[in-house]
Structure formats: structure tokens, C-alpha cells
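Single-structure report; data block below.
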Amino acid sequence: MRLLFIHSDFIEYNVREKATDIAENIESESERVEDVLVVFVSVERNDKMNTAENAAEEIDNVAKQIKANKIFIYPYAHLSSDLANSEQAINILNKLRKRVRELGYEMHTSPFGWYKSFKISCKGHPLSELSKTITENEETEALRNENKLKTSWYILIDGILNDVEKFDYTGYDNLKTFVEYEIKGTRAVQETPPHVKYMKTLEIAGYEEGSDAGNLRYYPKGKLIKNLIENYITSRVLNYGAQEVETPIMYDYNHPALKSYLERFPARQYTVLSGEDRFFLRFSACFGQFLIAKDATISYRQLPLKLYELTRYSFRREKHGELVGLRRLRAFTMPDMHTFVTDMENAKDEFLKQYMLSIDVLKDFGLSTEDYEVAIRFTREFYENNKEFINDLQKMIKKPVLIQIWEEKFFYFILKFEFNFVDNTKKAAALSTVQIDVDNSKRFNITYINARNERVNPLILHCSPSGAVERIIYAILEKAEKDKQKGMKPMFPIWLSPTMVRIIPVDKNHLEFSEKIMDKIKNSSIRVDIDDREISLSKKIREAEMDWIPYITVIGDKEISSNKLTVRERSGNANYEITVEDLIKNIRERISGFPYRDLNENPYLSKRIIFS
RNA sequence: GCCACCGUAGCUCAGUCGGUAGAGCGGCUGACUUGUAAUCAGCAGGUCGGGGGUUCAAUUCCCUCCGGUGGCUCCA
């Protein structure tokens with residue numbers, strides 16, 4: 001809805017002739033009102049009854065500011081190029097008139113649907129002319145209907161569904177926090193989540209004001225960590241049997257299958273206008289892969305088929321107030337795998353494998369089942385037919401899980417799980433997730449040929465074994481903070497540490513020897529750097545500790561003569577002596593099986609810039 | 001998106017009941033030549049988030065926009 005306010009000495013109008021078929025009855029052909037706030041109103045296509053309420057509130061605000069007690073509502077089509085139809089417009093307009101009256105104003109108005117002549121005199125003070133746009137959120141059907149969904153909540157343990165209110169949470173504090181967050185939305189902590197601070201001090205990522213909110217920039221350390229995480233997940237998924245593809249990041253709004261899928265997906269899109277065309281940015285890799293599968297020739301003998309893409313990025317235009325650090329973004333990196341299977345038994349089989357895959361993937365980021373809470377959600381019908389299957393999922397993680405049962409199928413999936421990380425501000429964020437999708441193969445016309453030579457729609461599993469890569473960094477940082485509060489030193493898993501070994505020469509005449517050590521370590525595929533700055537030893541140690549560097553080794557006369565290194569290990573207590581070869585061996589053991597990338601910075605600290 | 005709070009040097013923050021600003025860290029220069037969490041001194045950095053208004057005068061008061069954080073709501 002568009003509003004144009006004119007604080008006027010007077011307005012007068014005369015009705016001329018009908019402009020639309022559906023026009024209001026005329027109560028008076030003309031009127032003149034003095035000293036009045038005139039509001040020209042265009043009702044737009046997306047406006048709802050609720051828009052009228054919001055508009056009335058806005059009018060109230062303006063009227064109070066300029067101390068007006070008379071309001072003139074003037075239907076005026078020419079403020080918008082996206083008008084509502086006449087019927088809708090009259091309804092909403094009437095609602096607006098009613099609300100304005102209810103707010104205690106002397107309300108005047110002119111009839112909708114007529115050409116009118118008018119004279120107006122604007123007072124001309126700074127606030128006398130204002131325009132406002134009142135928008136409704138462009139919610140998808142899925143978003144609008146979500147609160148109408150009838151759901152029941154339980155805590156499942158050992159095959160028993162416990163009432164979520166009556167369950168004894170003793171020993172399960174984290175689950176309790178998660179349940180409260182999930183169901184009641186209550187939370188107590190009012191502070192910036194620790195990962196936001198670390199994201200900056202560790203030079204991982206930063207806000208980019210030159211972009212839209214929720215689109216981050218990554219500094220060399222963050223980019224290295226992100227690359228390693230991405231490489232790791234991709235190799236795990238490929239190892240699981242997926243084939244990697246790459247698909248476009250934007251899609252046509254008018255594509256029929258995409259359009260109906262958009263309606264069922266609970267998220268807001270970025271829209272891209274290009275010339276006459278309207279596109280949306282993908283919010284997952286679903287369509288890209290579905291559109292590939294639609295055109296592929298698939299036999300039942302080749303199923304299950306697994307397609308995978310790591311999206312950089314997936315875009316969701318989340319509400320501005322929702323965005324925080326690495327937890328909630330508008331552009332995020334997400335591994336997204338789709339598995340096409342013949343029937344529900346196969347789907348369950350893959351679901352279970354992917355459940356275990358997810359547990360295993362998170363474990364390598366230092367996140368065990370202790371660190372997150374499991375939610376399993378399904379339709380009542382699925383549960384009635386698969387109670388044992390669900391019970392087994394719970395038993396595998398050896399602690400109670402949150403259950404949500406939908407009385408009817410509303411989403412495109414009938415079963416899903418998520419692993420939710422509960423952070424230091426008692427907020428939860430989903431990491432890994434798998435869904436069994438029963439709708440989209442029909443919607444996208446994806447088929448395979450079965451043994452009887454018939455075309456059949458497969459079932460599709462959606463799987464993100466880790467969740468968004470940014471969320472993994474978030475969870476690692478938040479967990480590090482939890483460790484810190486328990487008295488441990490916060491750190492990254494060694495394989496993700498931007499610098500694994502920091503060499504600190506005591507004096508500049510130890511530099512040459514230090515460089516030799518550095519080369520040895522570097523040649524063993526271990527990220528090593530050297531603090532060659534001319535500052536005190538204590539200060540170098542302090543900064544290395546603040547950078548969470550897992551191995552610090554100081555090199556001076558003693559090391560040169562003994563040919564052993566003195567190592568200060570972050571996860572240990574006392575310093576110890578060790579040969580370079582043994583140190584290399586120890587570290588190699590701890591990082592074997594993980595992806596490796598070289599240092600993404602200058603190895604000489606004196607050559608590094610400060611990013612933040 | 002709505003509500004609340006915040007935005008001062010590269011960073012963390014102090015300050016101005018309206019008269020254009022300070023500290024620590026960081027940077028630069030110099031001294032020191034150092035053995036496991038901050039060596040010392042000097043110097044250079046600010047259209048006090050943007051725009052508008054009130055005022056003789058605005059970083060300070062008002063409006064508005066932008067950004068951040070928290071809450072609502074929602075999700076990977």
C-alpha cells in the first residue's frame with residue numbers, strides 16, 4: 001500500500017464519472033474539509049486486511065506529529081503500478097477508514113472508483129508532505145501456513161514417547177535448552193554470541209557493508225578454514241558414492257515446477273531483475289539437481305543415484321533482525337546431496353546411512369553427539385508404520401531426542417532429522433539434516449524405468465551431512481568458548497588450524513636456523529610460520545596463544561646446540577623437548593586422513609597485514 | 001520486517017548537562033637485544049555512521065536513513 005500525506009489548509013473534491021465497473025456508491029458528490037491531513041491511498045496487489053491496520057497506525061503516527069485531528073482518506077490509484085483489483089481495494093480501504101475512525105479521528109473520505117476533480121492547499125512545512133509504503137511480507141504459502149500446522153512434541157528414549165512438558169530433564173540440560181528454544185522460544189541470555197567476537201579477532205570473516213547484510217567477506221585465515229571444511233565434506237560425500245555436479249545460481253521465476261516448489265519452501269528469496277526478466281537466487285541446490293535428474297535416463301538398476309553440489313552460495317533473504325555472525329546469513333555455503341531411490345524401504349535404508357554419515361562428519365569437526373541435540377520430525381502416518389525405525393535412530397545416539405509429529409503431511413517431506421547445536425547464548429542452530437521427499441519427483445517430472453519397463457517417480461532424500469559450512473565454523477567457535485569456560489584453552493581441530501606450528505626465534509641471529517626448521521616442517525605438509533618481528537619473546541608467545549596456535553616452538557642457543565625443539569603445546573600443560581622429526585611425526589598422525597592446504601599467508605609475521 | 005539498545009582514531013572504549021574531542025592497544029620512528037601471555041620513549045591517525053532539522057553554534061537535542069547487537073518470528 002502506498003500513502004501520500006499532505007497536511008493541508010483545505011481539500012475539496014467533485015465527483016465526475018465512473019472510472020471502474022466496481023465503484024463505490026456515492027454518499028456525497030462533493031465535500032470541502034479544512035485544516036486536515038489528507039492521505040492519498042493506493043491499495044496494491046499484495047496488500048492484506050492487516051496492511052490496513054499497519055497503514056492506520058502509520059497515519060496515527062503522522063497525525064500525532066503534526067497534531068492533526070482530521071484525516072481525509074483519498075483513494076488514489078496513481079501512486080503505484082502494481083494495483084490490487086477493485087474489490088480487494090474497496091475492502092481494504094474500508095478497513096482503513098474504519099480503523100482511522102476507531103483511533104478517534106474525524107474521518108473524511110471520497111468514493112473509490114470515480115474520476116474526481118480536486119483542489120488542495122499544502123501547508124508547506126517540512127512534515128507537510130510525506131510518502132510511505134506499507135508492505136506485507138511476501139510470504140510463501142508454506143510460511144503462511146506453518147503456524148496452522150498441527151504438531152505434537154515428545155521426548156523419545158528407549159522406544160517411549162514422553163510428554164515434552166513432563167519429561168525429567170535431569171542430566172540433559174542441553175536438551176532442555178534446545179526444547180525450550182524450539183517450542184517456547186524462550187531464552188535468557190542477552191549478549192553477543194562469542195563466535196561473533198572470535199570471527200573478528202581470529203581474522204576469519206567480517207561484515208561487508210558494501211554488500212547486503214548477511215553477506216560476509218572472509219580473510220585469508222577464514223578462507224583457509226572454509227576451504228578445508230569444504231574439501232573435507234566433499235570428499236566424504238563423494239566417498240559415500242555421490243557424483244558432484246554444478247548448477248546455476250539463478251532461476252526463472254516463471255518456470256512452472258520452480259514456481260510451485262517456491263510456494264512450498266519456507267524461505268524468502270533474493271530477486272534479480274535483469275532487463276524484462278525476473279529471476280530468483282537459489283536457496284539450495286535442489287532445483288539444479290532436480291532439473292538434471294529430470295533430463296537423465298535412469299534405470300531402477302542404477303538406483304540409488306546420488307547427486308551432490310556444494311553451493312557457493314545458497315541465498316535466503318532472511319529477515320534482517322535474524323542475521324547474526326556466522327549463525328544466520330543471507331548467503332551461505334551448503335553441501336547439498338540428493339539421493340533418488342525406488343521405494344520407502346530403500347529411502348529408509350539411505351536415510352539411516354546418511355544419519356550415520358552425518359554423525360561421523362560432525363565428529364571430525366570436533367562435534368560429538370554430546371555437543372548437539374537431535375530432532376526427528378515426521379508425519380503421524382509415517383510413525384505408525386515405522387516405530388521401530390524411529391526408535392533405532394534414537395538408540396544410536398544414546399540419549400533422548402526431541403520428536404515432532406505432524407498430524408498431516410504439509411511439507412514435501414514426511415521424515416527429517418536435524419542435529420542442532422545449542423550455543424552460549426542458549427540459541428539453537430541446525431547443522432546436519434536429511435529429509436525424505438515424496439513430492440518433488442512428480443513436480444519436476446523425474447522418472448526412472450522400473451523392472452516392468454514403466455516410468456515411475458522415485459523418492460528423493462535431501463541431505464546436508466554437515467549443514468552450512470559457516471554454521472560449522474560457528475559451532476566450532478561456540479564450542480571453543482564453552483571449553484574456555486570449563487578452563488580449557490579454546491582451539492580448532494589441528495587440521496583446521498590456519499597455523500599449526502609457530503616458530504619463535506629468541507633473537508635475530510637464531511633466524512637462519514629457525515628457517516631451516518621451518519622448511520623441514522613445511523616440506524612435511526604442516527602449516528608453519530615464523531615470528532620474525534623485533535618484539536619481545538613474551539609478546540610473541542602471548543600473541544601466538546591468542547591466535548590459538550596449537551604448537552609453539554621457541555628457538556634459541558639451547559635448541560641450536562641440543563638439536564631439539566622446546567615445544568609449548570596448546571592442549572598440554574608443561575613444555576617439552578622433542579626432535580623436529582618426532583614433532584613432525586606427531587602432528588602428521590593427528591592430521592592424517594584430513595585434507596591439507598598450504599598456509600594462506602606470508603610465513604613471516606613481519607610481512608603480514610592486519611585485516612581486522 | 002516489528003520492538004529495544006548501540007554506532008566517537010585501524011581496534012576496544014572514555015568524554016562533551018550544545019562551544020568541533022581523549023586513553024589504551026595497533027601503526028610509524030628511535031632506544032633496548034631480550035628464554036615462554038604485553039620493554040621504554042616520541043610521533044602520526046578523527047567531516048564523533050550518512051542526510052536533514054532546531055540553534056549564534058550540533059559529535060551532543062529532534063527527525064530520517066544505513067549498519068551492528070538483543071528480543072519477537074523463522075531457518076542450514
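These figures come from a predicted structure and were not determined experimentally. Only heavy atoms go into these numbers, but all of them, side chains included; no hydrogens, no water, no symmetry mates.
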Kindly say whether the aromatic ring centers of A:Y355 and A:F419 come within a distance under 6.0 Å.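 Ring-ring flag for A:Y355/A:F419: true, centres closer than 6.0 Å.
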Using the benzene-type ring in the case of Trp, are the ring centres of A:W548 and A:F492 under 6.0 Å apart?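 Here the rings of A:F492 and A:W548 have centres that are less than 6.0 Å from each other.
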Please report the distance separating the [atom1] of [N] from the corresponding atom of [M], rounded so that it comes out in whole Å.
N: B:G19; M: B:U55; atom1: C1'; answer: 12 Å
N: B:A76; M: B:U39; atom1: C1'; answer: 49 Å
N: B:U54; M: B:G68; atom1: C1'; answer: 29 Å

What about [X], does its side chain sit under 3.5 Å from the base of [N] through a donor-acceptor pair?
X: A:Y474; N: B:C75; answer: no
X: A:R568; N: B:A37; answer: yes
X: A:R471; N: B:C75; answer: yes

How long is the straight-line distance from CZ of A:R377 back to CH2 of A:W153, given to the nearest 0.5 Å?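 Interatomic distance, A:W153 CH2 to A:R377 CZ, rounded to 0.5 Å: 5.0 Å.
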Pick base, sugar-phosphate or nothing for [X], based on heavy-atom distances below 4.0 Å to the nucleic acid.
X: A:A213; value: sugar-phosphate
X: A:D557; value: base
X: A:I535; value: nothing

Please name the nucleotide paired to B:G46 by Watson-Crick or G-U wobble geometry with both distances under 3.5 Å, or report none.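 Across any shown strand, B:G46 pairs with none.
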Give a yes/no on whether any side-chain N or O of [X] is located under 4.0 angstrom from OP1 or OP2 of [N].
X: A:K539; N: B:G26; value: yes
X: A:H510; N: B:G35; value: no
X: A:S538; N: B:U36; value: no
X: A:K427; N: B:G71; value: yes

Anything under 30° is parallel, anything over 60° is perpendicular, the rest tilted; go ahead and classify A:F287 against A:F280.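 Correct class here is perpendicular.
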Map A:M199 and A:L326 onto RNA chain B by nearest heavy atom, then report which one ends up closer to the 5' terminus.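 Going by which nucleotide is closer to the 5' end, it is A:M199.
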If you check the [X] side chain, which of [options] turns out closest?
X: A:D507; options: B:U33, B:C75, B:U39; value: B:U33
X: A:N575; options: B:G67, B:U36, B:A76; value: B:U36
X: A:K558; options: B:A38, B:G35, B:G1; value: B:G35

So which atom in A:D532 and which in A:S606 form the shortest heavy-atom distance, rounded to 0.1 Å?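 Where A:D532 meets A:S606 most closely, the heavy atoms are OD2-OG, 2.7 Å.
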Roughly how many Å is it from CZ in A:F332 to C1' in B:C74, rounded to a whole number?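 That distance rounds to 13 Å.
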Nearest whole angstrom, please: distance from the C1' of B:G27 to the CZ of A:F611.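 Those two atoms, CZ and C1', are 16 Å apart.
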